[in-house]
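Report on the following structure.
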Amino acid sequence: MPTDAKDIRALLVRGARDEARRDGSRTVEAEHVLLALAATRTTSAARMLAEAGLTEDAIRAALGREWEHSLAVAGIAVRIGLLPMATPERGRDPQMGESTKLLLKRAMDAPPKIGAGRIGPTRILVGLLDTDRGRVARALQVAGVDRTALRAKAAAALAQGVH
């Protein structure tokens with residue numbers, strides 16, 4: 001995925017939409033954005049994720065463990081590796097889910113403010129990490145990632161002009 005686009009939001013949305021399709025989801029949620037962000041590989045945000053141990057494979061594994069754990073709390077024992085893979089619907093165009101809308105709002109609200117609605121991968125990472133609720137926060141906790149420290153690192157990079 002190219003990283004030299006003026007507005008990477010469109011690329012992440014396309015990547016996240018592909019992740020949602022692959023997942024069999026009708027909506028693009030924050031976890032799909034996180035996977036798409038990690039897939040950019042050459043961005044500062046993707047490097048920060050990788051340094052925290054969050055490669056695409058590690059994120060998928062953490063999301064699987066989070067799902068297993070969430071179901072276990074409800075008394076349902078499931079092992080992700082034993083379930084059939086989702087069947088992607090190529091013709092489906094997943095719509096933006098609430099968690100994606102919220103992360104984009106948090107990203108745009110993060111200081112420093114930038115003009116013309118421009119949003120980059122580091123700003124998106126800040127938006128992803130700017131909550132302690134939801135599937136992404138739970139998956140990061142399961143993965144043993146210090147979300148607060150990673151968010152502080154991303155916010156510091158953003159303050160230094162790394163978008």
Side-chain angles (χ1 to χ4, degrees), residues 1-71 78-108 110 114 116-131 133-143 145 147 150-151 154 157-158 162-163:
M1 183 178 297
T3 56
D4 59 350
K6 289 183 180 184
D7 187 354
I8 199 160
R9 177 179 42 194
L11 294 174
L12 287 176
V13 168
R14 277 194 295 275
R17 191 166 272 140
D18 288 344
E19 289 293 341
R21 274 191 207 99
R22 190 174 301 122
D23 196 27
S25 180
R26 293 188 182 278
T27 56
V28 177
E29 297 298 344
E31 62 265 25
H32 302 125
V33 176
L34 178 62
L35 285 162
L37 185 58
T40 62
R41 288 188 188 93
T42 59
T43 65
S44 293
R47 284 191 294 277
M48 282 184 257
L49 287 170
E51 288 167 6
L54 294 171
T55 62
E56 287 176 85
D57 289 340
I59 293 167
R60 286 182 206 290
L63 288 167
R65 288 191 312 273
E66 181 278 330
W67 194 65
E68 288 174 356
H69 178 73
S70 292
L71 289 174
V78 173
R79 293 289 172 239
I80 295 295
L82 301 177
L83 296 175
M85 296 295 291
T87 304
E89 290 187 40
R90 305 244 186 265
R92 179 185 292 172
D93 192 19
Q95 301 303 304
M96 289 299 121
E98 286 305 310
S99 64
T100 298
K101 291 175 186 175
L102 287 171
L103 87 83
L104 290 173
K105 180 183 180 330
R106 287 190 305 265
M108 290 305 295
I114 53 177
R118 186 157 184 247
I119 187 168
T122 303
R123 187 168 289 282
I124 289 172
L125 179 58
V126 169
L128 274 164
L129 299 170
D130 214 12
T131 185
R133 297 184 185 157
R135 188 155 190 232
V136 169
R138 290 189 308 269
L140 296 181
Q141 182 178 11
V142 166
V145 172
R147 184 190 49 77
L150 183 56
R151 195 246 180 241
L158 192 58
V162 177
H163 299 288

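Since we're looking at a predicted model, the values are computed, not measured. The residues of the chain are indexed from 1 along the displayed sequence.
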Exercise. Judged by atom type as modelled, is there a donor-acceptor pair below 3.5 Å linking the side chain of Arg47 to the main-chain atoms of Thr42?
Worked result: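 Confirmed, Arg47 side chain pairs with Thr42 backbone.
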For this session: Spell out, as yes or no, whether a donor-acceptor pair under 3.5 Å connects the side chain of Thr43 to the backbone of Pro121.
Result: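 Looks like no, no N/O pair under 3.5 Å.
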Find out whether [X] and [Y] are in side-chain contact, i.e. whether some heavy atom of one side chain is under 4.5 Å from a heavy atom of the other.
X      : Y      : value
Leu54  : Leu150 : yes
Leu103 : Thr131 : no
Arg135 : Ser99  : no
Leu104 : Val33  : no
Arg151 : Val126 : yes
Leu158 : Leu125 : no

For this session: Begin with the C-alpha distance, continue with both residues' side-chain angles, and end with the deciding distance and a verdict on side chain to side chain contact (heavy atoms under 4.5 Å, CB included) for Arg147 and Val136.
Result: CA-CA 10 Å; Arg147 184 190 49 77; Val136 169; over 6 Å; no
Mind listing the closest non-hydrogen atom pair of [X] and [Y] along with its distance?
X     : Y      : value
Thr27 : His32  : O-CE1, 3.5 Å
Ala16 : Ala36  : N-CB, 3.4 Å
Pro94 : Ser25  : CG-O, 3.7 Å
Met48 : Ala154 : SD-CA, 3.7 Å

How long is the straight-line distance from [atom2] of [Y] back to [atom1] of [X], given to the nearest 0.5 Å?
X      : Y      : atom1 : atom2 : result
Arg123 : Met108 : CZ    : CE    : 6.5 Å
Ile124 : Leu129 : CD1   : CG    : 12.0 Å
Asp18  : Leu35  : CG    : CG    : 11.5 Å
Leu37  : Leu128 : CG    : CG    : 6.5 Å
Leu63  : Glu66  : CG    : CD    : 7.0 Å
Glu19  : Leu34  : CD    : CG    : 9.5 Å

For this session: Run the salt-bridge test on Glu98 and Lys101 with the 4.0 Å N-O cut-off and return the result as yes or no.
Result: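 Counted as a salt bridge, because a side-chain N and a carboxylate O are separated by less than 4.0 Å.
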Exercise. Are Arg138 and Glu31 close enough for a salt bridge, meaning some N to O gap below 4.0 Å?
Worked result: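 So Arg138 does not pair with Glu31 through a salt bridge.
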Exercise. Around atom CD of Glu56, are there more than 12 heavy atoms of other residues, nucleotides or ligands at under 6.0 Å?
Worked result: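 Result for CD/Glu56: enclosed.
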